[in-house]
Amino acid sequence: MIRQNKLNILGFFLLTLVIGILSVISGSFFVENISIFLLILSFVMNLLFLVYYVIQFKGKNKNLNPYSDVAIITIISTFLYFYSYPIDFSLKILNDISTNVYYKTLATTIVANISLLIGIFIGIHISPLNINTLKKEKHNNSGKVALFFVFLGICLMIYDLYRLGGLSVLGIKNRLHFFEIQRNTGDTMMSLPWHDIITAGLLVYAMSIRNRVEAVRLLIGLIVLSLFFFFCLGSRTYILFVCFPILGVLIDKDFIKINKKTGILLGIAILLLVSPFFTIYRDSLISDQPINFKNKQEWAFSSGETGTAFKITSDIINSEYYPDADPSYLTSILYALPSVIFEFITGSNKPLNIADWYTVKYYPYMYKSGGGFGFSPIAQAWMNGGLKVVIGVFLIFGIFIACLNNTKKYKYLLLALVIWFQRGSFQSVFTEFIYILSIMLIIFFVSKILNPSKRG
């Protein structure tokens, strides 16, 4: 064990040394465009760390599934969200940030990336690499309870849509109207976590299925639900939250076989979901215009889902103060509580979600119409204390996902959250994590109560 740990540490330092050598060799070539050099260096750094991570599993004779491994999903999604805008900027496709601010933001982003990788490295040595698959797990009798919760979530969704306007808020064209009503009634109507209930119910049900017929039925249900979320609510976030964790479960249970072809197709599907194609296609349906009505800049990859966080970070880093903002992580944790309990504990009303605060400050017209831009984990960390907090947050985040990645059941709910973490506020990500986790625990608890002689 000691020898293995020494080899692990040696491997990591060799990886760092290789990066340094590549920096020296290629430095003169990219001297006129330091941005491209930094991006290539960042790509090599993440790629080499992925190789190192995979080797750790292969050395333990473990079957590694990249679509259900939280660490791999985190590293890949981090690269997409951290560097898609810098790539477009370096290629001169986009140039709506000043050069000085761009390089300051890029440098901070690279520091966050390095901190994340170090955190994962520490995490996999604190919690030794171990894949606990669901492949051989016996049926845990939680399927019926999980389906009841799915039914409950769907009923709450129908009621929520009804009280917010019924048919007037359904359809892609009414997407912003739906979000506007949600925002405007937030102080007078209790928010219903129907989406979290559906997600948790379907995730637990996926863990309980025993045969391919049940898996096919579940996949058909996912397709129907995804089509509803897209054509009736215009949301990619709901699709991501519901589908991605369940696909990870079905792959680990061998109900979906991942070979080279299916792996590539699934990767392309995920990229399309976060690409500008999704956004432009949705906008074309809203405006009744052909899909080619957008200009070249709007077709840039970072104009889809992945570039907003970098621009938000640049705005925050370039500001000296943040009036009326409450970016603290304590507030973010308490934000998961109902408003009445929050007010009782703190003695004040809930502040604006930091993502809503950003939209109000920088794009008030968008906020009034129900729109928003999400937020950035780097920006929120910066607002809490600058670069040192950025380093600390991503170090802790890396350790956290590396440790939770070893759990048999609860790692799956992170598969979508680690992607959303890249472009959401900590308030939203933490609240979703707590809600979904709590509902899953309730389902398991109820299942045990109803089946006291069974072990799940």
Side-chain angles (χ1 to χ4, degrees), residues 149 152-153 156-157 159-161 163-164 178-200 235 237-238 241 312 316 321-364 366-368 370-385 389 392-393 396-397 400 404 410 413-414 416-418 420-443 445:
F149 272 80
L152 175 63
L156 288 175
M157 178 184 70
Y159 171 71
D160 197 36
L161 293 173
R163 68 174 183 164
L164 292 176
F178 171 63
F179 293 137
E180 181 183 8
I181 293 177
Q182 273 189 320
R183 182 173 287 159
N184 293 338
T185 58
D187 295 332
T188 58
M189 289 186 182
M190 183 178 68
S191 177
L192 299 177
W194 53 263
H195 175 256
D196 301 316
I197 296 174
I198 292 174
T199 300
S235 172
T237 303
Y238 290 165
F241 264 84
I312 291 172
I316 295 301
Y321 64 99
Y322 318 102
D324 302 321
D326 188 350
S328 77
Y329 290 104
L330 177 60
T331 300
S332 299
I333 292 172
L334 294 177
Y335 215 86
L337 297 172
S339 297
V340 175
I341 300 178
F342 182 93
E343 292 169 11
F344 176 78
I345 293 175
T346 64
S348 60
N349 295 329
K350 273 188 177 181
L352 271 179
N353 184 306
I354 195 66
D356 289 336
W357 169 86
Y358 173 82
T359 309
V360 169
K361 177 174 172 58
Y362 290 92
Y363 303 93
M366 178 65 74
Y367 183 82
K368 291 179 181 178
F373 292 91
F375 205 59
S376 158
I378 300 177
Q380 187 161 358
W382 184 274
M383 294 172 75
N384 277 279
V389 178
V393 165
I396 294 171
F397 180 62
F400 172 76
L404 203 59
Y410 303 111
L413 70 89
L414 284 179
L417 284 172
V418 295
W420 196 30
F421 174 81
Q422 312 295 345
R423 51 95 63 213
S425 65
F426 188 77
Q427 287 102 317
S428 300
V429 176
F430 182 79
T431 298
E432 291 294 324
F433 174 75
I434 291 299
Y435 281 12
I436 298 174
L437 177 62
S438 299
I439 296 166
M440 288 178 67
L441 291 173
I442 291 171
I443 294 173
F445 177 75

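Model, not experiment: these values are computed from the prediction.
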Measuring from atom OH of Tyr410 to atom CG of Leu437, what distance do you get when rounded to the nearest 0.5 angstrom?
7.0 Å
When you compare the side chain of Val393 with that of Phe426, does any pair of heavy atoms fall below 4.5 Å?
no
Could you give the distance from CD (Gln422) to CD1 (Ile378), rounded to the nearest 0.5 Å?
8.0 Å
What distance do Leu156 atom CG and Asp196 atom CG have between them, rounded to the nearest 0.5 Å?
11.0 Å
Provide the closest heavy-atom pair for Tyr329 versus Pro377 in the form atom of the first, atom of the second, distance.
OH-O, 4.3 Å
Distance-minimising heavy-atom pair for Ala336 and Thr431
CA-OG1, 3.5 Å
Using ring centroids (six-membered ring only for Trp), state whether Trp382 and Tyr322 fall under 6.0 Å.
no
CG of Leu334 to NZ of Lys350: how many Å apart, nearest 0.5 Å?
9.5 Å
Show the nearest heavy-atom pair for residues Asp326 and Gln427, with the distance to one decimal.
O-NE2, 3.7 Å
Where do Phe149 and Ile197 come nearest, in terms of heavy atoms and distance?
O-CG2, 3.1 Å
State, to 0.1 Å, how close Gln380 and Ser332 come at their nearest heavy-atom pair, and which atoms those are.
NE2-OG, 3.2 Å
Please lay out, stage by stage, how Thr199 and Glu432 fare under the test side chain to side chain donor-acceptor pair (under 3.5 Å).
CA-CA 10 Å; Thr199 300; Glu432 291 294 324; over 6 Å; no
Side chain to side chain, Arg163 and Leu192, heavy atoms closer than 4.5 Å
yes
Mind checking the NZ-CD1 spacing from Lys361 to Ile354? Nearest 0.5 Å is all I need.
11.0 Å
According to the interplanar angle, ranging from 0 to 90°, do the rings of Phe373 and Tyr363 count as parallel (below 30°), tilted (30 to 60°) or perpendicular (above 60°)?
tilted
Beyond-backbone contact of Phe241 with Trp420, side-chain heavy atoms, under 4.5 angstrom
yes
Proximity of Tyr159 and Trp194 rings by center, below 6.0 Å:
no
Tightest non-hydrogen contact, residues Ser438 and Ile434, listed as OG-O, 2.7 Å
Under 30°, 30 to 60°, or over 60°: which ring-plane class applies to Phe430 and Phe433, parallel, tilted or perpendicular?
tilted
Can any side-chain N or O of Tyr335 pair as donor or acceptor with the backbone N or O of Phe342 at less than 3.5 Å?
no
Out of curiosity, Ile316 CD1 to Tyr358 OH, how far, rounded to the nearest 0.5 Å?
7.0 Å
If you define the side chain from C-beta out and look only at heavy atoms, does anything of Val429 sit under 4.5 Å from Phe375?
no
Is the backbone N or O of Ala355 less than 3.5 Å from a side-chain atom of Thr359, with the two atoms forming a donor-acceptor pair by type?
yes
